[in-house]
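Below is one structure; the comments refer to it alone.
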There are 2 protein chains.
Amino acid sequence: MNNPELRYQALLTTLHERGSRLTSHRLALIRLLSTSEGHPNAMQLYESLRLQFPTISLATIYKTLALLKDEGEVLEIDLHNDSHYDGNKPYPHPHLICTQCHKIFDGDEITAIQKINQEIEDRYNFQISRHQLVFYGMCWECREKTDR
Amino acid sequence: MNNPELRYQALLTTLHERGSRLTSHRLALIRLLSTSEGHPNAMQLYESLRLQFPTISLATIYKTLALLKDEGEVLEIDLHNDSHYDGNKPYPHPHLICTQCHKIFDGDEITAIQKINQEIEDRYNFQISRHQLVFYGMCWECREKTDR
DNA sequence: TTTCTTTAGAGAATAATTATCGAAATGAAT
DNA sequence: ATTCATTTCGATAATTATTCTCTAAAGAAA
């Protein structure tokens, strides 16, 4: 139950406290990040913002995303030469990607991750700091469509 | 307990049965893939092969890797704009990447993955076909060095 | 207001990867 | 065995996501 307005305020505050300038381009970007449900990539954000701000540049998108990422307010999902971004759940969590409809789903309710983390620490004596977990397959919607 | 010679023969056979030409460049590449313990990227393979074959091109590396990947004999590990390749364990398995020494470790003995898979199928009704799981952190060697 | 310092952002540059296309190799037909 | 037709190899050129650079603007200090 993510509240877009709260999220917007959080991102705003983070940039403000950091001493970063809150330009109209940046405000529009964090507005977009906090309200969009999906997991857009830089180009999608760019295309969307360009409607309202024809002079905005892709570099601005990337730079602001990097800023927010450094502050831990945005999660980068590193796919094959195509990073997508999550401004609503910035903590590392699994993603499910449908190979049929190409939607990206959050798998942030999976509890068995604890077990994996534990096993990795125990078996390999490896201290995990973060992870990137992507599962490819078919989502329930596409399964229904295909099955019948 | 991977036998490099067996692995080499397997890759060789795959390419042969596929009707692909077995040029000296390709033979050298699959030799390298089957004998190297690590997880090289295209540039590393290129630099290594160039010592013996000064005229080999990066595109040849990429093309042959794509071929082997299609045949399921090589696993691509997609890191941030830098794919690495595993010619010894071509099935999807977790990787542990040390943020200190940047080594890539295989986490192919982790049993809790079954639980995650099960949970994803149950909770999200999502049918997994493959995954890419990367855990970042500190390996046991670097932990020892750092701790004392 | 004027000067000084820092940051934003547009365009240029970079680097990993992929597409193109001439050349070489393979197999068929004579 | 030799020529022809077809495939595919692989070097160079092109592409594309991302990052760097440098000018201009914003804010701070005087």
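We name chains A, B, ... by the order of the sequence lines, and we start the count at 1 in each one. What you see is a predicted model, and the numbers here were worked out from it, not measured in a lab.
Distance, A/L22 CG to C/dT6 P: 20 Å, rounded to whole Å. In this structure, the CG atom of B/N41 is 10 Å from the C1' atom of C/dA16, given to the nearest Å. In this entry the distance linking CG of A/L79 with P of D/dT16 reads 19 Å, nearest Å. We find that OH of A/Y46 is positioned 15 Å from P of D/dT16, with the value rounded to whole Å. Residue B/I61 contributes atom CD1, which lies 14 Å from atom P of D/dC9 at whole-angstrom precision. Atom CG of B/L29 is separated from atom P of D/dG10 by 10 Å (rounded to the nearest Å). Atom NE2 in B/H25 sits about 11 Å away from atom C1' in D/dA11, given to the nearest Å. One atom, CD of B/E47, and another, P of C/dA15, lie 13 Å apart when rounded to the nearest Å.
In the set D/dA17, C/dA10, C/dA19, D/dA17 carries the atom at the smallest distance from any side-chain atom of A/M43. In the set D/dA17, C/dT6, D/dG10, the nucleotide with an atom closest to the side chain of A/R21 is C/dT6. The listed nucleotides are C/dA19, D/dT19, C/dG9; the one nearest the side chain of B/A59 is C/dA19. For A/T60, the listed nucleotide lying nearest its side chain is C/dA10; candidates were C/dA10, D/dT18, D/dA11. Closest to the B/Y62 side chain, of the nucleotides D/dA11, C/dA10, C/dT18, is C/dT18. Proximity note for A/L58 (side chain, C-beta onward) versus D/dT18, C/dT17, C/dA10: the nearest is D/dT18. When distances run from any side-chain atom of B/S57 to the nucleotides C/dT18, D/dT12, C/dA8, the shortest one goes to D/dT12. Checking C/dA8, C/dA10, D/dC9 against every side-chain atom of A/T55, the shortest atom distance belongs to C/dA10.
Positionally, the nearest nucleotide of DNA chain C for B/S83 lies more toward the 5' end than for the other of B/S83 and B/K63. Along DNA chain D, the nucleotide nearest to A/D82 and the one nearest to B/S20 differ in position, and the one closer to the 5' end is contacted by B/S20.
Atom CD of A/Q9 sits in a crowded spot, with more than 12 heavy atoms from other residues, nucleotides or ligands closer than 6.0 Å.
Side-chain contact annotation: B/E121 with B/N117, donor-acceptor N/O pair under 3.5 Å absent. With 3.5 Å as the limit, one finds a donor-acceptor pair spanning the side chains of B/S20 and B/R18.
Applying the 4.0 Å criterion to OP1 and OP2 of D/dG10, one finds that B/R26 has a side-chain N or O inside that range. In this structure, B/T23 reaches the D/dG10 phosphate: one of its side-chain N or O atoms is under 4.0 Å from OP1 or OP2. Phosphate proximity of C/dT18 to A/H80: present, with a side-chain N or O under 4.0 Å from OP1 or OP2.
A/T99 contributes a side-chain N or O that, together with a main-chain N or O of A/G137, makes up a donor-acceptor pair within less than 3.5 Å.
A salt bridge links A/E5 with A/R31; the closest basic N to acidic carboxylate O contact falls under 4.0 Å.
For the pair A/K89/A/L75, no side-chain contact is recorded, criterion being any heavy-atom separation below 4.5 Å from C-beta on.
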